[in-house]
Amino acid sequence: MSEIKRKRGRKPNNSNRANEETLDFPSTTAMDDVFSVANVELVPNQSPPAAVAEHRPRRGRPKKLKAEEKPPPVPRVSSARPAENGGDSNGVIPGGDSVGAGPAVARVVPAMDAVVKVFCVHTEPNFSLPWQRKRQYSSSSSGFVIGGRRVLTNAHSVEHYTQVKLKKRGSDTKYLATVLAIGTECDIAMLTVDDDEFWEGVSPVEFGELPTLQDAVTVVGYPIGGDTISVTSGVVSRIEILSYVHGSTELLGLQIDAAINSGNSGGPAFSDKGNCVGIAFQSLKHEDVENIGYVIPTPVIVHFIKDYEKNGAYTGFPILGVEWQKMENPDLRMAMGMKSDQKGVRIRRIDPTAPEYKVLKPSDIILSFDGVDIANDGTVPFRHGERMGFSYLVSQKYTGDSATIKVLRDSKILNFNMNLATHRRLIPSHNKGRPPSFYIIAGFVFSTVSVPYLRSEYGKEYEFETPVKLLEKLLYSLPQSPDEQLVVISQVLVADINIGYEEIVNTQVHAFNGKPVKNLKSLADMVENCDDEFLKFDLEYDQIVVLRSKTAKAATLDILATHCIPSAMSDDLKK
């Protein structure tokens, strides 16, 4: 093959040709991680001139293109903030989509400067040794500023607090905070800071409406994995009545697919409009699921805030003190005297301490609550294409509010107007920050049962490890009076006087000297004022404990001194 020789002359300049061949897309830089060039579709206004398309290098200096023949400019993709019209000056909006004429919708940046980091020192009570507390420990979580110089976070973030401090974004100063209210049921706490410097340059967040399914949400906070603020995004996956783990209640909640990790608790969830639509508070951890987080929605948050503003303290969410049964079976409805156009739920039993106990009766059919008809499965219309458990209607009320309930009793429709109250359980879900009560006589440590007590004794799996007798009372028993408590012998401090009783642990006390034990204070009063020769305690499983009265009271002082216990009873029993 003959060698091709280039003619003599100046080597042609191919700079213009290079520009012509790379007009499709600009080069990708590090700034394109957010705005991918591959997603940008360039639509030129007109085809390039023929002179440009057929241009070939020629001998000598290449011919310069005329001004009207120059190729069109390449649009630039910038990672800067969008312009006022929702995009940059070249018509490219975030996400890499090109736009034509007309304004575009911009996503509002959430007020991240209002998000603070919460530092708390906790000192939990010791239920095994109720006269002292456990060793203190520290934790960090998230919170955000609202109007009125207040900060919201989760209740479990400041549970059993000794000291709470807040730090703003970009600041190196921690400010001492005061806890104004703790809503255990809704898992929300309200804080404030007395130092005026903390509030300088901070704008409170604005609350938005309850989002709909597939609405975008952005969770902001200070989770594990770093010290600076973190932002995760997702969509609303589900809206329904959720189980609030900390409060052991069921309230309205949002399920999202954004990552919620340890430390995100108390952080706000923003909508694409920049408004707060919830508070991150818990997530589902299981080997079969991933990216399931839960958010406290604005109706619950607003209820907590208004409750505090109205009463000066948190009073709780009211509840209808009844247990009900679905009426989906047609034979059951016919037997209860319901017509074909009537729907509702049947009352199984009523809490004796609830206001409804004086008005409603078992086997009443609840047809409606405040004028809203209840379906046979216990749901009410919520929004288009959505239904919600009718407990949502009850939770929208405040403690002491009145409600109208329509019931069917003996084929007759009756209307009742009653005041709503909070629910009290025989085994409470929380001690609400109070130290546990105890009473000691002859080495027998008497205490009251609560969910934190069971968790302390049997661990996180207390629902499986708790003795059957206590578990049955936890799940099904109702208190017969407002001050009723479940009193148990938690342990026996070994001494000569209690030989043979050492293995009694977490056993309920039914009676003392033939008199029923109503609560721990009544037991302490009966023992302290007993003039009988013997102290006889009737326990669960038909066990009895008998002690000589004078000997038992004398031995108590020695046992207290041996175990360095300051008093034989807690302070609340001394009143």
Side-chain angles (χ1 to χ4, degrees), residues 34-35 81-87 93-97 103-116 141-148 150-154 169 186-188 190 202-223 229-242 244 251-261 263-284 291-306 382-386 388 392 396:
V34 178
F35 308 116
R81 292 177 178 265
E84 294 181 358
N85 64 347
I93 61 174
D97 298 326
V105 178
R107 181 170 180 173
V108 180
V109 178
M112 289 189 291
D113 288 342
V115 183
V116 299
S141 56
S142 307
F144 60 97
V145 177
I146 64 173
R150 295 170 297 186
V151 175
L152 291 185
T153 185
N154 280 147
R169 180 191 181 193
C186 58
D187 201 2
I188 305 176
M190 182 183 295
V202 179
S203 299
V205 302
E206 299 292 337
F207 290 105
E209 298 179 353
L210 184 69
T212 59
L213 294 178
Q214 294 186 339
D215 279 0
V217 290
T218 302
V219 179
V220 183
Y222 294 88
I229 198 167
S230 171
V231 179
T232 57
S233 60
V235 297
V236 177
S237 306
R238 183 178 294 164
I239 303 175
E240 64 179 1
I241 301 296
L242 298 176
Y244 283 45
L251 296 170
L252 185 66
L254 304 179
Q255 177 183 319
I256 63 175
D257 63 353
I260 296 180
N261 298 309
N264 266 126
S265 297
F270 292 102
S271 66
D272 53 1
K273 297 180 181 179
N275 296 327
C276 177
V277 295
I279 303 176
F281 75 115
Q282 65 186 30
S283 60
L284 180 59
N291 289 342
I292 294 183
Y294 297 101
V295 172
I296 305 173
T298 48
V300 179
I301 302 173
V302 173
H303 187 286
F304 170 81
I305 297 175
K306 289 185 178 180
F382 183 59
R383 293 188 299 196
H384 178 70
E386 297 175 310
M388 196 73 61
Y392 167 73
Q396 293 297 100

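The chain is numbered in sequence order, starting from 1. Values below: all heavy atoms of this structure, side chains included; hydrogens, waters and symmetry mates excluded.
Checked by atom type and distance alone, the side chain of Y222 never pairs as donor or acceptor with a backbone atom of G143 at under 3.5 Å. The backbone N or O of S142 sits less than 3.5 Å from a side-chain atom of T153, completing a donor-acceptor pair. Judged by distance alone, the side chain of T232 and the main-chain N or O of A259 form a donor-acceptor pair under 3.5 Å. Distance alone, capped at 3.5 Å, places no donor-acceptor pair between the D187 side chain and the N154 backbone.
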Show, in sequence, the C-alpha distance, side-chain angles and deciding distance for L152 and M190, and conclude whether the side chain to side chain contact (heavy atoms under 4.5 Å, CB included) test is met.
CA-CA 5 Å; L152 291 185; M190 182 183 295; 4.1 Å; yes
Begin from the C-alpha positions of E240 and L242 and carry the test side chain to side chain contact (heavy atoms under 4.5 Å, CB included) through to its verdict.
CA-CA 6 Å; E240 64 179 1; L242 298 176; 3.7 Å; yes
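R169 places none of its side-chain heavy atoms less than 4.5 Å from the side chain of V115. A 4.5 Å side-chain heavy-atom check between D215 and D272 finds every atom pair outside the cut-off. The shortest side-chain heavy-atom distance between I279 and F304 does not fall under the 4.5 Å cut-off. At a threshold of 4.5 Å between non-hydrogen side-chain atoms, the residues R150 and V145 do not count as touching. In this structure the side chain of T212 never reaches within 4.5 angstrom of the side chain of V236, judged on heavy atoms. Within the 4.5 Å cutoff, no side-chain heavy atoms of V277 are placed close to those of V295. I305 has its side chain within reach of I146: a pair of non-hydrogen atoms, C-beta onward, lies under 4.5 Å apart.
A pairwise comparison of heavy atoms in I260 and G293 identifies CD1-CA, 3.8 Å as the closest pair. The two residues C186 and V300 make their nearest non-hydrogen contact at CB-CG1, 3.7 Å. Annotation for G234 and D257: closest pair CA-OD1, 3.0 Å, computed over non-hydrogen atoms. Here the closest non-hydrogen pair linking P299 and Q396 is CB-OE1, 4.2 Å. Heavy-atom minimum distance, F281 versus S265: O-OG, 4.1 Å. Residues I239 and M388 share a closest heavy-atom pair of O-CE, 3.9 Å.
Between atom CZ of residue R383 and atom CG of residue L210 there is a gap of 4.5 Å, rounded to the nearest 0.5 Å. For the atom pair OG1 of T218 and CE of M112, the computed distance is 9.5 Å after rounding to the nearest 0.5 Å. Note that the CD1 atom of I256 and the OG atom of S283 stand 10.0 Å from one another [nearest 0.5 Å]. Expressed to the nearest 0.5 Å, how far CZ of F270 lies from OG of S233 amounts to 14.0 Å.
Classified by interplanar angle (parallel below 30°, tilted 30° to 60°, perpendicular above 60°), the ring pair F382/Y392 is perpendicular.
No more than 12 heavy-atom neighbours from other residues, nucleotides or ligands sit within 6.0 angstrom of CD on E209.
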